[in-house]
There are 2 protein chains.
Amino acid sequence: MLETPIRDRRAERREATRAEILEAAWELARAEGLAALSLRDLARKVGMKAPSLYSYFDSKNAIYDAMYAQGSRQYLERDAGLGLTGEPLNDLKAAMHFFVGFCTEDPVRYQLLFQRTIPGFEPSAESFALSVEGLEAVQKRLAGMGLTDPRALDLLTAVGTGLTDQQISNDPGGDRWARLIDDAMEMFYNHVSNRKGGGAGNDGHAR
Amino acid sequence: MLETPIRDRRAERREATRAEILEAAWELARAEGLAALSLRDLARKVGMKAPSLYSYFDSKNAIYDAMYAQGSRQYLERDAGLGLTGEPLNDLKAAMHFFVGFCTEDPVRYQLLFQRTIPGFEPSAESFALSVEGLEAVQKRLAGMGLTDPRALDLLTAVGTGLTDQQISNDPGGDRWARLIDDAMEMFYNHVSNRKGGGAGNDGHAR
DNA sequence: TCGGAGTCTCTAACATAGTTCGATAACTCT
DNA sequence: AGAGTTATCGAACTATGTTAGAGACTCCGA
């Protein structure tokens, strides 16, 4: 056997360099825009020339893909750490605040993960599977609240991305959007409550 | 004086060529993607070489800008021709169906007008004013329904763009989204009715 | 210790972008 | 017909992603 530790050392260094490149890519993308990321600039930032990057990534899109996977993993981690109370309306609000917060705190990541408007880039099957996992986590949480109608997921996704878009492009600060989310979630919750129970949505303000 | 008709003839020809270039640009963008539009391809399509386009537009972004203005004008026209009944819920549904329909019938136009994800492009002040005009038209119509809360516009915009994004990226056909729009607008209408009148949203199904 | 194998990095170059320059052709008007 | 304006084009410049091939370095077995 002897799967030598030296081989591991090399793999470690390689992985460290990959991580360093990705970190530099995020910084450049946040500074200049995701689509404006150039391999020559990126290489300069990590002390290389452009072709050397091809020792670590097959192409520029492979870099985007690695960033996409990183972003998806960040979402899964953060999502898993989201503690809920068991009270549906509160949890609904918390989940939406989490989603919009996650998106707006890094617009570049949001563009990469959810807008998908980088000219020639489509995530690979592996990376896409990660984001599907995230969507399933959302679906599962909704199911835990009793929301199994697929239209609920559709509508909430629409509201989430729509609010995120507006918040990013209009004005990032202020609690204007926070109150709007609360409002929308109350509206939504009342709606589905009426659909199911008949009139359960009117009494409990749930706080 | 003699502001000669010949001079007009030239201006006409020039304007016709500009329109022809823009038409070809739309076709290419619809076929290959908005960001994949290249001046050399565009020039070939209209029987020119790339530098000749600079006699008609200052830059590639100027072409995008002209397309943006065209799209905004199309929106204003269609919006003005939207006949409403005076019944708030029906009109709300019709307006949202109109908006989402306008967006999904030409995803390239939607991307240009509302997503604004072309790498180096920002609409000029004049073109942007046109789109603001469109937003004001929506605002005015909402006010006509008694919806003056600015949050109403925010939320409806979010729902509109969010639903459009989903419909475009998931599956264009089917009435799944149409029913979702109806559902969302009923929900929204009941919500604002409750806010204002107290309990007017429960009795009238409004159809 | 030496040399081969593998890995990393570089220079040079290619194709394709948008764009500019300068010359040529076409057209308009006197 | 000649002057002035406009349109068009070939050549070239910069910047992009990408590839090929040549050195340099590390590791490992002989």
Side-chain angles (χ1 to χ4, degrees), chain A residues 1-22 24-25 28-29 31-67 112 118-122 124, chain B residues 1-22 24-25 28-29 31-67 117-122 124:
Chain A
M1 276 298 175
L2 230 356
E3 286 295 332
T4 69
I6 291 155
R7 209 180 178 82
D8 291 353
R9 209 73 53 84
R10 278 231 277 247
E12 269 173 39
R13 269 187 61 85
R14 187 184 165 78
E15 207 47 47
T17 306
R18 274 179 62 103
E20 186 188 352
I21 291 171
L22 286 180
L28 269 180
E32 309 287 339
L34 188 58
L37 185 72
S38 98
L39 292 187
R40 284 175 171 86
D41 288 350
L42 178 55
R44 174 153 14 92
K45 196 173 175 88
V46 297
M48 292 179 176
K49 301 294 179 177
S52 302
L53 296 175
Y54 285 80
S55 298
Y56 300 94
F57 297 95
D58 286 343
S59 66
K60 186 187 182 183
N61 275 350
I63 296 179
Y64 282 138
D65 194 60
M67 295 169 78
L112 185 61
I118 303 302
F121 167 67
E122 287 290 321
S124 67
Chain B
M1 275 297 173
L2 230 358
E3 285 296 334
T4 68
I6 291 154
R7 210 178 178 83
D8 292 353
R9 210 72 53 84
R10 277 231 278 247
E12 270 174 38
R13 267 186 61 85
R14 187 184 164 80
E15 207 48 46
T17 306
R18 273 178 63 102
E20 187 189 350
I21 290 171
L22 286 180
L28 269 180
E32 309 287 337
L34 188 58
L37 185 72
S38 99
L39 292 187
R40 285 175 170 86
D41 288 350
L42 178 56
R44 175 153 14 93
K45 196 172 174 86
V46 295
M48 292 179 176
K49 301 293 180 178
S52 302
L53 296 175
Y54 284 80
S55 298
Y56 299 95
F57 296 95
D58 285 342
S59 66
K60 185 186 181 183
N61 276 349
I63 295 178
Y64 282 138
D65 194 60
M67 295 169 78
T117 49
I118 302 301
F121 167 68
E122 288 290 323
S124 68

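Per chain, numbering begins at 1; letters A, B, ... match sequence-line order.
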Nearest-Å distance for atom pair [atom1]/[atom2], residues [X] and [N]:
X	N	atom1	atom2	answer
A:E15	C:dT7	CD	C1'	16 Å
B:M48	D:dA7	CE	P	9 Å
A:K49	C:dT11	NZ	P	5 Å
B:L34	C:dA17	CG	P	16 Å
A:E12	C:dT7	CD	C1'	17 Å
B:R13	C:dA26	CZ	C1'	11 Å

**Message:** Within this structure, what is the NZ-CG distance for the pair A:K60 and A:L53, rounded to the nearest 0.5 Å?
**Reply:**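 Result: 11.5 Å between the selected atoms.
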**Message:** Are the side chains of B:E32 and B:D41 in contact, using a 4.5 Å heavy-atom criterion?
**Reply:**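 When only atoms from C-beta onward are counted, B:E32 and B:D41 do not touch, as no gap falls below 4.5 Å.
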**Prompt:** Do A:V46 and A:T17 have side chains that get closer than 4.5 Å, going by heavy atoms?
**Reply:**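 Counting from C-beta outward, A:V46 and A:T17 never come under 4.5 Å.
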**Item:** Phosphate OP1/OP2 of C:dC8: any A:R14 side-chain N/O under 4.0 Å
**Value:** yes
**Request:** Could you list all the salt bridge (Lys or Arg N to Asp or Glu O under 4.0 Å) pairs where at least one residue sits in residues 45-58 of chain B, not counting sequence neighbours?
**Result:**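 Pairs touching residues 45-58 of chain B that pass the test: B:E27-B:K45.
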**Message:** Using the side chain to side chain contact (heavy atoms under 4.5 Å, CB included) criterion, which residues pair with B:P119? Sequence neighbours excluded.
**Reply:**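 Result, side chain to side chain contact (heavy atoms under 4.5 Å, CB included) vs B:P119: A:A35, A:P119.
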**Request:** Using the test side chain to side chain contact (heavy atoms under 4.5 Å, CB included), find all partners of B:S124 that sit at least two apart in sequence or belong to another chain.
**Result:**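 Here the qualifying residues are B:D65, B:E126, B:S127.
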**Request:** Could you identify which residues of residues 36-44 of chain A place a heavy atom less than 4.0 Å from some atom of DNA chain D, listed by residue number, or say none?
**Result:**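 Heavy-atom contacts with DNA chain D come from A:L37, A:S38, A:L39, A:R40.
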**Message:** At a heavy-atom distance below 4.0 Å, what parts of residues 51-64 of chain A sit against DNA chain D?
**Reply:** A:P51, A:Y54, A:S59, A:K60
**Derivation and outcome, side chain to side chain contact (heavy atoms under 4.5 Å, CB included), residues B:T117 and B:L34** = CA-CA 10 Å; B:T117 49; B:L34 188 58; over 6 Å; no
**Asked** Pairs in or reaching into residues 44-64 of chain A: which pass ring-ring contact (aromatic ring centres under 6.0 Å, His included), with residues at least two apart or in two chains?
**Response**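 Counting only pairs at least two positions apart or across chains, the ring-ring contact (aromatic ring centres under 6.0 Å, His included) contacts touching residues 44-64 of chain A are A:Y64-A:F121.
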